[in-house]
Structure formats: structure tokens, C-alpha cells
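Just so you know, these numbers use all the heavy atoms, side chains as well, and skip hydrogens, waters and symmetry mates. For ligands, and for the atoms within them, numbers begin at 1 and follow the listed sequence. Please read all numbers here as calculations on a predicted model, not as lab measurements.
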Amino acid sequence: MTRVFNFSAGPAALPEPVLRQAADEMLDWRGSGVSVMEMSHRGKEFMSIHAQAQALLRELLDIPPNYKTLFMQGGAIAENAIVPMNMLRGKASADYIDTGEWSRRSIEEAARYGRVNVAATSKDSGYTTIPPREAWQLDTEAAYVHICTNETIGGVQYHFTPKVGDVPLVADMSSEILSRPVDVSKYGLIYGGAQKNIGPAGLTIVIVREDLIGHALPCTPSAFDYAVVAAHDSMFNTPPTYAIYIAGLVFQWLKDQGGLAAMARRNEAKARLLYDFLDASTFFSSRVERSSRSLMNVPFHLKDPSLDEAFLKGAQARGLVQLKGHRIVGGMRASIYNAMPLEGVQALVDWMREFEAQHG
Ligand SMILES: *Cc1c(COP(=O)(O)O)cnc(C)c1O
């Protein structure tokens with residue numbers, strides 16, 4: 001068996017100890033005689049797995065008691081609709097900040113349910129920056145302000161929490177959730193799909209302030225109404241049981257690593273290694289403005305794109321996989337989520353240095 005360094009943007013690498021434990025427990029979960037996949041979601045075994053995952057998530061993010069944590073399905077793309085359905089709360093419009101492909105997708109979807117005010121955009125920069133807070137044209141009557149804190153495709157990330165007054169701040173954190181501590185109390189709602197930085201695809205995490213729940217549009221499907229989901233402890237419909245189990249193992253792993261402050265230090269060190277190399281190189285470059293660079297997704301370009309294929313082929317031969325950039329941005333992209341060890345980034349930088357010496 002050979003494990004590679006997997007730079008996939010998502011579904012992404014998982015911590016090896018988590019996969020080993022899941023393998024050990026595959027046929028017989030802790031004496032139950034069945035796999036977690038074969039359990040009733042209402043049985044005491046799975047209820048304990050569910051409760052433990054919820055408790056660990058709350059502990060890791062230090063979630064205040066007046067917030068609900070919901071385990072949903074449909075991914076962030078479904079949540080792009082579920083958010084306006086639940087959060088418009090009779091108001092005429094919502095403010096959105098446009099920082100790239102994923103916020104654009106959120107805007108498009110929200111416009112089906114209400115009026116969207118694009119309060120700031122970094123389109124003119126080719127989505128290589130986060131627009132400074134001073135430039136946002138917010139509406140004090142807006143139902144909420146929506147941001148995508150880490151643009152997975154463009155590789156730009158917020159390194160500040162925007163102040164938006166009394167209007168609830170809503171954040172798509174799909175590709176950075178649990179990579180660093182977050183002051184949850186500054187947000188009305190946080191959501192994210194699990195398959196970037198938590199666990200398998202199929203689980204969506206929603207953290208929502210209680211007073212914002214209970215105002216869904218009448219057309220909202222029951223399974224997507226936060227009030228219904230919360231009232232049933234995320235068990236209104238059959239939850240994605242195996243994904244929740246793996247997420248719980250990842251939460252425990254994160255706790256064992258020292259929690260989110262320790263992960264943030266590790267993630268900063270990994271990103272610094274790569275960006276320092278890119279900045280010193282005359283052959284490879286990052287196009288993202290320094291103050292907005294993502295610590296999770298690092299797009300980069302070769303000076304001569306005709307060498308892209310050779311670079312990828314050599315990377316593959318060295319066990320460095322899934323480095324091809326998203327077609328919108330081109331070039332390369334290294335996704336270096338929590339489960340990517342420093343050694344993986346070091347191996348990538350070593351290969352980049354070698355390739356530059358050959359072709360630069
Ligand atoms: C991956 C991603 C999405 C889409 O998630 P799905 O699980 O495919 O719905 C949305 N937003 C961000 C920031 C993402 O990284």
C-alpha cells in the first residue's frame with residue numbers, strides 16, 4: 001500500500017489515523033457487531049456517535065450556548081438556497097460580497113428567493129483580493145450580509161472578521177472551517193460542506209444563532225427548515241450517518257492535535273513554506289494579493305504554461321497528486337487543508353525547486 005500526498009480541493013485528504021481507526025471499526029463498531037453504516041440512526045449506538053460529534057464540534061469552535069449546530073445534507077450549494085429561504089425573515093433583500101466563483105454561485109442562487117444587493121466585488125481585480133471593508137455599500141435594512149471566507153477556486157481568504165453592525169453576518173466556510181479558531185459570536189450563521197476540511201461528502205454543517213431560526217419561507221422543504229431540523233436534533237430525516245461518524249473521528253483527531261489554535265499555527269507554517277518559495281521564484285508565481293492569500297488553497301502559475309503537463313507528470317511520479325488548477329484560474333492549485341502534513345508541502349516545494357532548476 002502506498003499513500004500519496006493528495007492536494008485535492010475536495011473531496012480532500014483525511015488524517016491517516018482517522019482512516020485507520022475507521023478501518024479497524026469497519027466490521028464491528030466497538031462490540032456492537034455491526035458497522036456504523038448498518039446502524040439505526042435512532043439506536044443508542046448511533047445516538048452516542050451523533051451526540052459525541054456535536055459535543056466535539058461545539059468544543060473545538062467554542063460555540064456559544066445560544067447557537068444551534070445542525071447536521072444537514074445537500075452541501076454548500078444546497079445551503080446557498082436554504083440560507084435565503086430561512087434567513088430573509090420577511091425582509092426585502094440581502095447583502096452579498098462577491099469575491100469569486102463560490103460567492104458568485106451563492107448570489108445567483110439567493111436571487112431566486114429575494115433581492116440581492118452586491119455590496120462589494122473584487123471582480124475588477126480578477127478576484128485576487130478581498131474588497132476592504134471601507135468599500136462595502138451595506139444596507140442597514142438587509143436581512144443579512146453574506147461572505148465566503150475562503151474562495152476555494154481563486155485562493156483568496158478573509159484575514160479579518162468584517163463588522164456589519166446589527167445585521168447578521170452569514171459565512172460560507174466550506175473550505176476553511178476548523179482550520180483556525182473563529183469567534184462564532186460575530187456571526188449569525190456559518191455553513192460548510194464537510195468534504196474539504198472535515199470528512200466525507202454528504203454532511204453539511206450549519207451553526208446558527210437561535211433567534212434567527214423560525215422564519216422560513218412557507219415554501220421551504222421541511223428537511224431544510226432550520227426550525228424543524230433543530231427541533232429534531234438534526235434527525236428529522238435520516239442523517240448521513242457514516243459521514244457524521246467520520247467527522248466525529250476527525251473532531252477527536254483535531255482535539256488530540258491541540259485544537260484549532262494549534263492547527264492554525266501548523267496551517268500558517270505550511271502556507272508560509274509554499275508562498276515564500278513562490279515569492280522567491282522567478283519561474284512560479286502567485287497572482288493573489290498578499291494580504292488576501294488563502295492558507296488552504298494556493299493557486300500558482302508556471303511562467304511557461306506549455307510546461308504545465310510536464311510539471312504535473314513529474315509531480316505524480318513523486319506521489320504529489322491532484323495539483324492541476326481549476327479550469328477557471330488555470331495553472332496549478334495546492335489545497336493544503338488540516339490533513340496535509342508539512343512534509344507534503346515540503347515535498348511539493350522540493351519538486352518545484354528541482355523543476356525550476358531544470359527549466360527556469
Ligand atoms: C466546495 C465548495 C462549495 C460547494 O460545495 P458542495 O458540497 O458541492 O455543495 C461551496 N462553497 C465553497 C466555498 C466550496 O469550497
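Contact annotation for Glu79 and ligand 1: no heavy atom of the residue comes within less than 4.0 Å of the ligand. Counting heavy atoms under 4.0 Å from ligand 1, residue Ser106 does not touch it at all. Neither the backbone nor the side chain of Met173 comes within 4.0 Å of ligand 1, counting heavy atoms alone.
Near Cys148, meaning under 4.0 Å from one of its heavy atoms, ligand 1 places the atoms 13 (C). Close approach to Ser175 involves these atoms of ligand 1, each under 4.0 Å from a residue heavy atom: 15 (O). Residue-ligand proximity, Gly75 to ligand 1, at heavy-atom distances under 4.0 Å covers atoms 7 (O), 9 (O). Of all atoms in ligand 1, numbered sequentially from 1 with element shown, those under 4.0 Å from a heavy atom of Asn150 are 13 (C). Of all atoms in ligand 1, listed by their number and element, those nearer than 4.0 Å to a heavy atom of Thr152 are 12 (C), 13 (C), 14 (C), 15 (O).
Closest to atom 1 (C) of ligand 1, if we only count protein heavy atoms, is Lys196 NZ, 1.5 Å. The protein non-hydrogen atom at the shortest distance from atom 7 (O) of ligand 1 is Gln195 NE2, 2.8 Å. Nearest non-hydrogen protein atom to atom 8 (O) of ligand 1 is Ile77 CD1, 3.7 Å.
Within a 6.0 Å sphere centred on CZ of Arg30, heavy atoms belonging to other residues, nucleotides or ligands number more than 12. Asp124 CG: 12 or fewer foreign heavy atoms inside a 6.0 Å radius.
For Arg42 (side chain) and Met47 (main-chain N/O), no donor-acceptor pair under 3.5 Å exists by modelled atom type. Within the 3.5 Å criterion, the main-chain N or O of Gly314 finds a donor-acceptor partner in the side chain of Arg318.
To the nearest 0.5 angstrom, Leu278 atom CG is 7.5 Å from Ser285 atom OG.
In terms of polar-atom proximity, defined here as any N/O pair under 3.5 Å, Ala78 makes no such contact with ligand 1.
Taking the side chain as every heavy atom from C-beta outward, Tyr191 and Val83 approach each other to under 4.5 Å.
Around atom 13 (C) of ligand 1, the closest heavy atom drawn from Thr149, Ile153, Asp172, Ile177 belongs to Asp172.
No path of Ile, Leu, Val, Met, Phe, Trp and Tyr side chains, each step under 4.5 Å between heavy atoms, connects Leu260 with Met296, placing them in separate hydrophobic clusters.
Between His146 and Tyr96, the distance separating the two ring centers is shorter than 6.0 angstrom. Aromatic ring centres of Tyr187 and Tyr144 lie farther apart than the 6.0 Å criterion allows.
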